[in-house]
Amino acid sequence: MCLWLSVAPASAQAPEILLEATRQAGDAPRPALPRDGFAEVREAMVRDQVVARELHDPAVLAAMRRVPRHRFAPDIEPRRAYLDMPHPIGHGQTISQPYIVALMTERLALAPDDRVLEVGTGSGYQAAILAEIVAEVVTLEIIPALAGGAAERLEALGYTNITVLEGDGYYGHPPRAPFDAIIVTAAASHVPPPLVAQLRPGGHMVIPVGQMGWVQNLLLLEKASDGEVSTRNLASVRFVPLTGGH
Ligand code: SAH
């Protein structure tokens, strides 16, 4: 069961909890998603858009075969949700192209016991993909209506290992830190130092960095056990901007 907590609205450091993970050790790891008639469409999406572009992580492919992407883009015709493109989700924001979701998820090098932080919940699709693979997901969204919509959707689908927070993700979420992996799905002008601080040594972060309106660099950061951070560029991408108070 998921709880809706009503907490006083909040500063950047104290985001409001819209959905709280309730999963206990021993609970089923994933929800039994409804049979929806889109399994073949998802299979084709995985084959033609993900595997065809040389992404092969079995856990990521399995997650993308399971999560009903059309439920996260409710304003478009369901089959179109599976096309090789991003889609608008309202408030000037987008749900990323399936391939980009797969690429970012694979590069996080996730393990089943991991706790992952996402900045930029949007529709909640990326959070659901992560929740299929890891033990716990904490996701932050700055636009209240999107945060609320994603929390409702993820709860309705039966996810019990996702916490949805409304707030400025630039500052991460210190109460649940450190995170084994961090994924930022909006483009920042720089890598937020609070997020680097909240990444566990040995962990990976994927984040688009660059100027708005231009192509950005999708960066992979790896924090070594001594805390040293190395960075490499994975791809050129185009994301909506990371907003907020910083
Ligand atoms: N991961 C999403 C796509 C997100 S689009 C999905 O799967 O649908 C990027 C999102 O980042 C938008 O919803 C935007 O409102 C949010 N965002 C932008 N700046 C933010 C910030 N500082 N903190 C949290 N969320 C932010």
Side-chain angles (χ1 to χ4, degrees), residues 9-19 45 60 63-64 66-76 81-83 85-105 107-108 116-133 137-154 157 159 162-174 179 181-195 198 205-210 212-213 216 218 237-246:
S11 68
Q13 279 74 16
E16 184 176 0
I17 303 172
L18 299 186
L19 177 67
M45 172 187 83
V60 177
M64 297 196 72
R66 272 176 51 84
V67 177
R69 182 169 162 90
H70 63 284
R71 299 272 295 268
F72 295 84
D75 295 337
I76 60 170
Y82 294 94
L83 295 178
M85 56 170 68
H87 297 285
I89 54 170
H91 306 271
Q93 308 304 320
T94 54
I95 176 174
S96 302
Q97 179 189 3
Y99 169 70
I100 294 293
V101 173
L103 174 67
M104 293 174 81
T105 309
R107 293 300 185 261
L108 292 174
V116 180
L117 176 70
E118 180 192 24
V119 175
T121 314
S123 69
Y125 178 70
Q126 174 76 68
I129 294 290
L130 294 167
E132 292 280 337
I133 300 170
V137 178
V138 176
T139 182
L140 274 150
E141 170 58 50
I142 203 166
I143 298 179
L146 290 177
E152 272 178 31
R153 196 172 283 137
L154 292 166
L157 287 169
Y159 288 99
I162 305 177
T163 297
V164 178
L165 301 164
E166 176 197 321
D168 187 347
Y170 181 90
Y171 303 98
H173 191 54
F179 296 96
I182 299 180
I183 177 169
V184 182
T185 65
S189 61
H190 58 276
V191 179
L195 298 184
Q198 290 170 43
M205 183 185 333
V206 174
I207 176 172
V209 173
M212 294 322 121
Q216 302 123 12
L218 185 61
V237 288
R238 221 177 158 128
F239 276 81
V240 295
L242 188 77
T243 61
H246 59 277

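We count residues from 1, following the sequence as given. When a ligand or atom number is given, it counts from 1 through the structure's own listing order.
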Considering residues at least two apart in sequence or located in another chain, which fulfil the side chain to side chain donor-acceptor pair (under 3.5 Å) criterion with Tyr99?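 Applying side chain to side chain donor-acceptor pair (under 3.5 Å) to Tyr99 gives none.
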With sequence neighbours excluded, residues passing side chain to side chain donor-acceptor pair (under 3.5 Å) with Thr105: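 With neighbours one apart ignored, the set is Gln126.
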Kindly indicate whether the side chain of [X], heavy atoms from C-beta on, has any atom under 4.5 Å from the side chain of [Y].
X      : Y      : result
Tyr159 : Glu132 : yes
Met205 : Val191 : yes
Ile133 : Val116 : no
Leu117 : Leu140 : yes

I need the nearest protein heavy-atom contact for [atom]: residue, atom name and distance, please.
atom                    : result
atom 3 (C) of ligand 1  : Thr94 O, 3.2 Å
atom 18 (C) of ligand 1 : Pro241 O, 3.5 Å
atom 23 (N) of ligand 1 : Gly169 N, 2.8 Å
atom 26 (C) of ligand 1 : Ile142 CG2, 3.6 Å
atom 7 (O) of ligand 1  : Gln126 N, 3.1 Å
atom 12 (C) of ligand 1 : Gln93 OE1, 3.2 Å
atom 16 (C) of ligand 1 : Glu141 OE1, 3.4 Å
atom 9 (C) of ligand 1  : Thr185 O, 3.3 Å

Would the distance check show the side chain of [X] and the main-chain N or O of [Y] forming a donor-acceptor pair, the cut-off being under 3.5 Å?
X      : Y      : answer
Tyr171 : Pro194 : no
Arg153 : Ser123 : yes
Gln216 : Phe239 : yes
Glu141 : Thr121 : yes
Gln198 : Phe179 : no

For [X], counting its heavy atoms only, list the atoms of ligand 1 lying under 4.0 Å from any of them.
X      : value
Ile143 : 15 (O)
Glu118 : 1 (N)
Ile95  : 8 (O)

At under 4.0 Å between heavy atoms, which part of Val101 makes contact with ligand 1: side chain, backbone, both or neither?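 Neither; nothing of Val101 gets under 4.0 Å from ligand 1.
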Quick one: look at His91 and ligand 1, take heavy-atom pairs under 4.0 Å, and tell me if it's side chain, backbone, both or neither.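 For His91, no heavy atom sits under 4.0 Å from ligand 1.
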Within the structure, does Gly120 bring an N/O atom to less than 3.5 angstrom of an N/O atom in ligand 1?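 So ligand 1 has an N or O lying under 3.5 Å from an N or O of Gly120.
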So, regarding Thr243 and ligand 1 (criterion: nitrogen or oxygen to nitrogen or oxygen, under 3.5 Å), is there a contact or not?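 For ligand 1, there is an N or O atom that lies under 3.5 Å from one belonging to Thr243.
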Does ligand 1 have any atom that is closer than 4.0 Å to a heavy atom of Gly167?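 The answer is yes: ligand 1 sits under 4.0 Å from a heavy atom of Gly167.
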Within the structure, is a non-hydrogen atom of Thr121 found at a distance of less than 4.0 Å from ligand 1?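 True for this residue.
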